[in-house]
Amino acid sequence: MEYSNMDPETAANFVKGKHVAIVGFQKSGMDIAMECSTINAGTERPCTVVIRTPHWNLPDFFPWGLNLGYLYLTRSSELTVHKPGEGLVLSLLATTLSPLRWALSKFVEIYVRRKHRLAKHGMVPDHSFLNEFSSCSLSIVPEGFYDRVEEGSIKLVKRAECVGFSKEGMMLKGQIEPIKSDLVILATGFKGIDKLKHIFESKKYQEFIAGLDDSAAVPLYRECIHPRIPQLAIIGFSESITNLYTSEIRCRWLAELLDGKFKVPSIKVMEKDIAEWDKYKKRYSYNKYYRNSCIAALHVWHNDQLCKDMGWNPKRKKGFWAEWFQPYGPMDYRG
């Protein structure tokens, strides 16, 4: 965050002529690595990226020329996964379609592997693309990133964990020699749950908002309100692949709730619903990022619930084909 707040000239002077190490391999880490390798052109001072976990970071949203939305953002695509509160028919359908679920994930994985030459660089993830997508941890790789890796201006240190620093640079777990670095940039994200907890001074309410189970997602009904803190609404903590309009429809849901257009159920019913979503997230999310509360692979199902609460028709498209096989987006929820 400190680096991104600098103007371009200040940022360039900050890293110029230095051995830079970056901890983290999501969007910010890759973008900064590209900038550093451009400023310190060549292999004399390569930018080192320390990667704890490889990811299925995409080259684009069009694997083999097919829009990713048709694979994962349609009503039909959500039939392949088990859903919170599903009935027997949908459960059987998801089980029956599990080979298709696997095939869709492999389709994207093969594309990413070939496009980025992941096997050559030792960067093939251990988890599936569906796990990645269900954890909202997708990033677009900057164009030419792996070309820089091959030329040596970016150096990847895989499956490593930073444990400290010395005069020479950064120390990694299990390695004697440090990573030579004059400057270390931590692109490791932030602890969002801690930020939520610190809204309150009361330990009781801190436990309410974070939950007592460290392996569970933040317990928010409809990903908006806590059943035991009715005066508080949180918009945007739960992620999707399209955060802006996901947050916008939640705002509309909240406005209608405050306006008395509908009422939420009892605490017991809300907590049961939250537990169902928790079960879903544990089933499909990449577990290290599980507490982020991601609904990407079921964003249509989630929006259906919001629509039903508000008395809207959840089916927003015209025609059978469009309803089931076209991606859902912001324009489908106008008015």
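All figures in this text were calculated on a predicted structure; none of them were measured in a lab.
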With distance as the sole test, does [X] use its side chain to make a donor-acceptor pair with the main-chain N or O of [Y] at under 3.5 Å?
| X | Y | result |
| --- | --- | --- |
| Q206 | F200 | yes |
| H226 | F208 | yes |
| S105 | W102 | no |
| R52 | E161 | no |
| K83 | L298 | no |
| R334 | M331 | yes |
| D332 | G329 | yes |

Counting heavy atoms not belonging to [X], are there more than 12 under 6.0 Å from its [atom1]?
| X | atom1 | answer |
| --- | --- | --- |
| E150 | CD | yes |
| F14 | CZ | no |
| K272 | NZ | no |
| K158 | NZ | yes |
| K27 | NZ | yes |
| L258 | CG | yes |

[X] to [Y] - nearest heavy-atom pair and separation:
| X | Y | value |
| --- | --- | --- |
| A33 | I154 | O-CD1, 3.9 Å |
| L257 | K263 | CD1-CA, 4.3 Å |
| S181 | A21 | CB-CB, 3.8 Å |
| Y70 | Q326 | CE2-CA, 4.2 Å |
| A296 | S240 | CA-OG, 3.9 Å |
| E168 | P178 | CB-CG, 3.7 Å |

Cystine candidate C36-C47, SG separation under 2.5 Å: no
Evaluation steps, side-chain hydrogen bond (donor to acceptor under 3.5 Å, both in side chains), between N13 and T10: CA-CA 5 Å; N13 291 331; T10 302; 5.9 Å; no
Presence of salt bridge, [Y] and [X], under 4.0 angstrom:
| X | Y | result |
| --- | --- | --- |
| R159 | D126 | yes |
| R252 | E256 | yes |
| E323 | R75 | yes |
| K261 | D309 | no |
| K106 | E109 | yes |
| D278 | K282 | yes |

Below 4.5 Å, heavy atoms only, C-beta onward: do [X] and [Y] meet side chain to side chain?
| X | Y | result |
| --- | --- | --- |
| F237 | K195 | no |
| K16 | N40 | yes |
| S238 | H302 | no |
| H82 | T95 | yes |

Under a single-linkage definition using a 4.5 Å side-chain heavy-atom cutoff for Ile, Leu, Val, Met, Phe, Trp and Tyr, are [X] and [Y] assigned to the same hydrophobic cluster?
| X | Y | value |
| --- | --- | --- |
| V50 | Y146 | no |
| L97 | Y280 | yes |
| F62 | W64 | yes |

Sub-6.0 Å ring centroid separation between W56 and F129: no
Full working for side chain to side chain contact (heavy atoms under 4.5 Å, CB included) between N303 and W312: CA-CA 10 Å; N303 287 348; W312 296 7; over 6 Å; no
Ring geometry between Y328 and Y333 (parallel below 30°, tilted from 30 to 60°, perpendicular above 60°): tilted
Residues Y111, D60; criterion side-chain hydrogen bond (donor to acceptor under 3.5 Å, both in side chains); working and verdict: CA-CA 10 Å; Y111 174 73; D60 52 58; 2.9 Å; yes
Verdict with reasoning, L58 to L68, per side chain to side chain contact (heavy atoms under 4.5 Å, CB included): CA-CA 10 Å; L58 296 167; L68 190 68; 4.0 Å; yes
